[in-house]
Amino acid sequence: MAARRAKLKNICDLGIDPWGQRFDGRSFIGEIRARQYEIKFKTSAGELIDAPEFVEGLDMRSWKQERGGGDLVGPAVRAAGRIVLHRDTGKLQFIDIQDWTGTIQLFVGKNQVGEENWKLIENLDLGDLIGVDGELKMTMRGELSIFAEKIYLLTKTIEPPPAKHVGLVDPELRQRLRYIDLAYNAESRQRFLNRTKIVQSIRRTLDENQFVEIEGPTLHSIAGGAAARPFETFHNALGMNLFLRIALELHLKRLMVGGLERVYELGRVYRNEGISPRHNPEFTMLEVYQAFGDYKSMMDLTESLIANASKAIGLGTQISWGEQQLDISIPFARRPYHELLAEHTGVDPFAERALKDYAQAIGLTVAGKHIDVIKNEIFEERVEEKLVGPVFVTDYPASICPLTKRKQDDPTIAERFELFVCGIELANAYTELNDPDLQQKLFKTQLAGLPAEESMAKMDHDFVRALRNGMPPAGGLGVGIDRLVMLLTNSQSIRDVILFPLLRAETGNPEHE
RNA sequence: GAGGACGUAGCUCAGUCGGUAGAGCAACGGACUUUUAAUCCGUAGGUCCUGGGUUCGAGUCCCAGCGUCCUCACCA
């Protein structure tokens, strides 16, 4: 770093601003590379012919000789990027620069740029951001290059980059120093750009179906809508305890009472739970509500959201995730909860004694637990991991779904589905419960065996009042966006798709050089 | 929260039985106007995560702590 500090001073002594200025009129490197067909060869007879396509082992010198000599002429271009590779052959340097569309080689000769500019070039380092004016041509080996006429320093770097080609490998540093990971690991940069494309695609699909996006409160006085422990905070002026939201559900449903018939929110929720390859304390959730729909309308919507998102990043219906090969063509399979339970455990899902025996046999405790809680623990323990899918699991036991409408002909079954892919729950949807009296009753019903903090049954009087004012029958959907991105970008850890996952505070002093 | 693995140069990693701290890349000096991870010659670079302990002697063995990863638990 001392060497870079010395070069920084040299640059200042040359009267050059090491931190750069606005740099107008540059093109992205990807666009510049696409202009290679504009390169022509001017024969000694003055005739213009097409330059050769680049192939491995191309020897421009003999190619030129075969045509009786002459010179390449190419378009004038301006590029900007980070120096990622550097080959110094004395009075001639080859510098590879990279922007977010690609990399290109600069051909930089002392005679071509002049003494003055060369003094700057001698003080450049890997990692520095530079601009270039030059002619797009090919070298003797046929490598597409910008033949520099002038190099501009756009920003000096003080810290050295990670090993070239290898990039940052240490997963801690990749997360903690995400800027370096993004700058030097192209596949990481691409993954996060794909995340953006997926999110854009989701919004587009919803917008095309007349859904409107809203912004609900993230500070809640009652952390409802899901079963999770909340983060707590405090508002000083109001002297009020508050929770960071754990779900989007209850405010979106209030909006449906207000006549926003198709509404969604795509935003951050916070759960004060453990961290794992599938869990980050803050994560991105999509919730969608459609008046006069039901959980089956949400299945169709879920399918088009995923199909379009896959298309948006250039994937088809066959994708791989780790070792798994998946067919995500629609429609996805639809299987009832009880059927899957019976299939994977061999237990009659309605035989209480057999369920309890089975639960105990696989090491679950059953004492004091509601039979549906036991049943669901068996399902989570033995069935979910087998659902490679994608598969919609439908018709859950009503008692574990306090926000869901019951089936008309069977009040013990809730109109709900969860979508599983590779054993991971990607989405969860209901036909929304809109009966205020039943909702109030369910908020009061604490299922045996579930601690209060893990229950969805948190009384929210204002929400019940909203229902008394008429919420239309509706379908509602929740999608774990980070997990969807994991699936579509073949990422095994949620931290690979969250730019800045939660880490412990750094103990050392980052200011120390 | 429990268990396991890991932590050595800016980065990626070796380090044998406990006996002077190593390599590649990056950096610095030199040669080179068509290189492709350029090449060649030379130089410099260390809180071996931290703190204790055992030992004549610890990167190495023991204990504690910190951090990351993995598995499990909770959750989506």
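Quick caveat, the model's predicted, so the values are computed rather than measured. Convention: sequence-line order gives letters A, B, ...; per-chain numbering from 1.
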**OP:** Would you kindly give the CZ-to-P distance between Arg278(A) and C74(B), to the nearest whole Å?
**Re:** 15 Å
Original post:
Is the shortest side-chain N/O distance from Lys7(A) to OP1 or OP2 of A27(B) below 4.0 Å?
Top reply: no
Original post:
In residues 137-144 of chain A, what residues come within less than 4.0 Å of RNA chain B, judged by heavy atoms?
Top reply: Thr139(A), Met140(A), Arg141(A), Glu143(A)
Original post:
Are Glu215(A) and Arg268(A) ion-paired here, with the side-chain N under 4.0 Å from a carboxylate O?
Top reply: no
Original post:
Which residues pass the side-chain hydrogen bond (donor to acceptor under 3.5 Å, both in side chains) test with Asn111(A), sequence neighbours left out?
Top reply: none
Subject >> Residue pairs passing the salt bridge (charged side-chain N to carboxylate O under 4.0 Å, His left out) test where at least one lies in residues 138-158 of chain A, sequence neighbours excluded >> reply: Asp125(A)-Lys156(A), Asp128(A)-Lys156(A)
Original post:
Checking all strands, does Arg4(A) fall into the base, sugar-phosphate, or nothing category for heavy-atom contacts under 4.0 angstrom?
Top reply: nothing
**OP:** Kindly write out the residues that satisfy ring pair (Phe, Tyr, Trp, His ring centres under 6.0 Å) with Phe192(A), not counting sequence neighbours, or none if the list is empty.
**Re:** none
Original post:
Taking only side-chain nitrogens and oxygens of Lys164(A), does any of them come within less than 4.0 Å of OP1 or OP2 of A26(B)?
Top reply: yes
Original post:
Which part of the nucleic acid, if any, lies within reach of Asn280(A) when heavy atoms closer than 4.0 Å are counted: base, sugar-phosphate only, or nothing?
Top reply: base
Subject >> For Glu66(A), all residues meeting side-chain hydrogen bond (donor to acceptor under 3.5 Å, both in side chains), sequence neighbours excluded >> reply: none
**OP:** Go through the structure and list residues passing ring pair (Phe, Tyr, Trp, His ring centres under 6.0 Å) with Phe463(A), not counting sequence neighbours.
**Re:** none
**OP:** Answer with base, sugar-phosphate or nothing: what part of the nucleic acid does Arg174(A) contact at a heavy-atom distance below 4.0 Å?
**Re:** nothing
Subject >> Contact residues, residues 87-96 of chain A to RNA chain B [heavy atom, < 4.0 Å] >> reply: Arg87(A), Asp88(A), Thr89(A), Gly90(A), Lys91(A), Leu92(A), Phe94(A)
**OP:** Let me know the distance between CZ of Arg82(A) and P of A26(B), rounded to the nearest Å.
**Re:** 18 Å
Original post:
Salt bridge between Glu273(A) and Arg271(A), side-chain N to carboxylate O under 4.0 Å?
Top reply: no
**OP:** Any pair with a residue in residues 474-493 of chain A that passes side-chain hydrogen bond (donor to acceptor under 3.5 Å, both in side chains), sequence neighbours left out, goes on the list, sorted by first then second residue, please.
**Re:** Arg195(A)-Asp482(A), Thr489(A)-Ser491(A), Asn490(A)-Gln492(A)
What does the list of N/O pairs under 3.5 Å between the protein and nucleotides 8-13 of chain B look like, with a distance for each?
{"from": "C11(B)", "atom 1": "O2'", "to": "Ala163(A)", "atom 2": "N", "distance (Å)": "3.0"}
{"from": "U12(B)", "atom 1": "OP1", "to": "Val169(A)", "atom 2": "N", "distance (Å)": "3.2"}
{"from": "U12(B)", "atom 1": "OP1", "to": "Asp170(A)", "atom 2": "N", "distance (Å)": "3.1"}

Original post:
Among A76(B), C28(B), C69(B), which is the nearest nucleotide to the side chain of Leu503(A)?
Top reply: C69(B)
Original post:
Mind checking what makes side-chain hydrogen bond (donor to acceptor under 3.5 Å, both in side chains) contact with Arg174(A), not counting sequence neighbours?
Top reply: Asp181(A), Glu187(A)
**OP:** Determine the Euclidean distance between corresponding C1' atoms of G65(B) and G46(B); express it in Å to zero decimal places.
**Re:** 23 Å
Original post:
Does a side-chain N-to-carboxylate-O contact under 4.0 Å join Glu38(A) and Arg35(A)?
Top reply: yes
Original post:
To the side chain of Leu126(A), which of A38(B), A27(B), A76(B) is closest?
Top reply: A27(B)
Original post:
Between Arg203(A) and Glu213(A), does at least one N-O distance fall below 4.0 Å, as a salt bridge requires?
Top reply: yes
Subject >> Partner set under ring pair (Phe, Tyr, Trp, His ring centres under 6.0 Å) for Phe147(A), not counting sequence neighbours >> reply: Phe107(A)
Original post:
When you measure from every atom of RNA chain B, which of residues 105-124 of chain A have a heavy atom less than 4.0 Å away?
Top reply: Gln105(A), Phe107(A), Asn111(A), Gln112(A)
Original post:
If you draw the axis of the six-membered ring of Tyr396(A), does the NZ or CZ of Arg416(A) fall within 45° of it and under 6.0 Å from the ring centre?
Top reply: yes
